[in-house]
Amino acid sequence: MAGTGNEVLRIWPGDGVPPGAEGWTRTESTMQIPWSTAPRRLTRNVVVPTLTVFEPAPGTANGTAMIVAPGGAFHFLMIDHEGDDMCRWLAGLGVTAFVLKYRLAETPKDDADLMEFRTQLHKRLGGPKPGDSTPPDRPDMRAIREMAEADGRQALTFVRANAGKWGIDAGKIGIAGFSAGGGVSLGAAMQFTAESQPDFVVGIYPAYPAYLSVPENAPPLFLVISDDDPQVAALSSAKLYTDWHKAGSKAELHVFGNGGHGYGMLDAGFLSDIWPELLRRWMVERGFLPK
């Protein structure tokens with residue numbers, strides 16, 4: 001059976017606690033999203049980054065792998081509709097997929113306090129102003145963001161080093177992310193080593209790191225955003241697309257008329273609902289899925 005997600009692996013050496021997280025006492029937990037009545041969960045207070053493995057059904061793997069980083073403003077991980085659900089879909093296409101739980105800023109210990117915390121967080125973060133073409137560089141979020149980006153690079157290094165275990169082609173390893181997770185994936189695509197360089201990158205309404213520039217050898221990029229996104233400026237993805245081309249690399253951008261923010265893999269009746277099929281076709285065209 002494809003996409004069960006039974007195997008969870010620590011990606012950093014030793015006990016799995018990465019540099020910078022020594023001494024953290026928070027406890028990772030997963031709970032129902034309190035601002036939604038739909039059965040969807042979030043994960044928070046991640047200290048030890050992990051990959052949850054979703055393997056294709058026996059005999060269907062095609063050698064491509066993708067790491068998926070859920071979003072959540074670097075405080076939460078929308079683990080179902082921006083994580084597990086995409087990995088199950090990818091496994092059905094023959095892709096070996098991994099949900100990345102990366103380090104997060106601390107949130108309240110008690111679940112009952114989370115709703116008010118999230119309300120205040122949204123007020124603090126705000127939204128894009130008309131005409132914004134780059135995501136805001138928030139100094140107060142910089143440290144945790146750089147830790148999350150480091151976890152993304154380590155995840156790529158880990159999968160490449162263990163590619164033989166899953167029958168993965170070491171030259172077909174990509175990373176995708178939603179919102180803050182898009183920042184993690186693009187951070188890995190804009191700053192990397194030979195071991196951590198992704199072979200392709202996917203950003204879904206990505207809050208990418210504005211303090212990094214696009215390198216000359218950037219991997220192929222697939223971008224999705226909605227024109228009515230209230231949290232990430234649509235023009236920021238347009239700028240990223242332009243910058244990618246200026247660096248001499250391939251990019252594809254889809255800006256949908258509606259969809260808002262945070263739709264993930266949901267079929268919610270928006271124009272943006274078709275993005276997974278567009279990604280599938282792009283992966284075929286780029287040679288990451290068989291024709």
Side-chain angles (χ1 to χ4, degrees), residues 1-13 16 43 46 48-71 77-102 148 151-178 181-182 184-189 192-204 219-222 224 264-265 275-291:
M1 180 179 177
T4 54
N6 291 329
E7 187 176 22
V8 180
L9 302 169
R10 297 185 175 199
I11 60 175
W12 288 92
T43 296
V46 175
V48 177
T50 61
L51 289 174
T52 302
V53 188
F54 290 76
E55 292 191 76
T60 66
N62 53 44
T64 295
M66 188 184 292
I67 296 161
V68 178
L77 299 177
M78 302 295 115
I79 204 69
D80 288 326
H81 68 293
E82 293 183 350
D84 292 8
D85 291 350
M86 184 173 181
C87 284
R88 292 189 189 97
W89 175 77
L90 287 165
L93 299 177
V95 175
T96 305
F98 305 83
V99 173
L100 171 62
K101 289 183 180 178
Y102 51 89
D151 294 339
R153 286 185 280 270
Q154 180 63 20
L156 285 156
T157 299
F158 180 89
V159 170
R160 184 162 283 118
N162 293 278
K165 174 182 177 180
W166 297 293
I168 292 168
D169 183 335
K172 293 185 176 181
I173 301 173
I175 186 167
F178 300 80
V184 172
S185 64
L186 284 157
F192 47 76
T193 64
E195 294 76 21
S196 69
Q197 182 174 10
D199 298 298
F200 61 99
V201 61
V202 177
I204 312 300
L221 169 67
F222 181 90
V224 168
M265 295 293 290
W275 76 262
E277 172 59 16
L278 298 175
L279 173 60
R280 185 194 68 79
R281 295 186 182 196
W282 180 82
M283 292 178 68
V284 170
E285 181 66 23
R286 291 289 164 201
F288 299 114
L289 289 177
K291 290 186 181 294

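In this text the structure is predicted, and so the values were computed from the model without any measurement.
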For this session: Check step by step if side chain to side chain contact (heavy atoms under 4.5 Å, CB included) holds for Val95 and Phe288.
Result: CA-CA 9 Å; Val95 175; Phe288 299 114; over 6 Å; no

For this session: Please report the shortest heavy-atom distance between Ser185 and Gly177, naming the atom on each side.
Result: OG-N, 3.6 Å

Seminar exercise, completed: Rounded to the nearest 0.5 angstrom, the CG-CD1 distance for Leu156 and Ile175 is 4.5 Å

Which atom pairs, donor and acceptor, lie under 3.5 Å between side-chain atoms of residues 164-173 and protein residues at least two apart or in another chain?
unit_1, atom_1, unit_2, atom_2, d
Lys165, NZ, Glu7, OE2, 2.9
Asp169, OD1, Gly171, N, 2.8
Lys172, NZ, Gly287, O, 3.3

Exercise. Measuring from Tyr102:OH to Thr43:OG1, what's the distance to the nearest 0.5 Å?
Worked result: 10.5 Å

Exercise. What residues, two or more places apart in sequence or in another chain, satisfy side-chain hydrogen bond (donor to acceptor under 3.5 Å, both in side chains) together with Thr50?
Worked result: none

Problem set entry | Sequence neighbours excluded - side chain to side chain donor-acceptor pair (under 3.5 Å) pairs with any residue from residues 278-288 | Glu277-Arg280, Glu277-Arg281

Exercise. Shortest non-hydrogen contact from Thr60 to Ala57?
Worked result: OG1-O, 2.6 Å

For this session: Report the C-alpha separation of Val48 and Trp12 in whole Å, then their side-chain angles, then the decisive distance to 0.1 Å, and conclude whether the side chain to side chain contact (heavy atoms under 4.5 Å, CB included) test is met.
Result: CA-CA 8 Å; Val48 177; Trp12 288 92; over 6 Å; no

Exercise. At their closest point, which heavy atom of Pro198 faces which heavy atom of Pro219, and how far apart are they?
Worked result: O-CB, 3.3 Å

Problem set entry | Check against side chain to side chain contact (heavy atoms under 4.5 Å, CB included), Val68 and Phe54 | CA-CA 11 Å; Val68 178; Phe54 290 76; over 6 Å; no

Exercise. Pick one: which of Val46, Ile11, Val159 meets side-chain contact (heavy atoms from CB on, under 4.5 Å) with Leu100?
Worked result: Ile11

Exercise. How close do Met66 and Met86 get, heavy atom to heavy atom, and via which atoms?
Worked result: SD-CE, 3.8 Å

Problem set entry | Backbone of Ser196 reached by a side-chain donor or acceptor of Arg153 within 3.5 Å | no

Exercise. What heavy-atom pair brings Thr52 and Val8 nearest, and what distance separates the two atoms?
Worked result: OG1-CG2, 3.7 Å

Seminar exercise, completed: Heavy-atom closest pair (Pro49 atom, Gly16 atom, distance to 0.1 Å) is CD-O, 3.8 Å

Exercise. Trp275 side chain to Gly264 main-chain N or O, any donor-acceptor pair under 3.5 Å?
Worked result: yes

Problem set entry | Option from Ile79, Val184, Asp80 for which side-chain contact (heavy atoms from CB on, under 4.5 Å) with Pro70 holds | Ile79

For this session: Could you walk me through whether Thr64 and Phe200 pass the side chain to side chain contact (heavy atoms under 4.5 Å, CB included) test, one step at a time?
Result: CA-CA 10 Å; Thr64 295; Phe200 61 99; 4.0 Å; yes

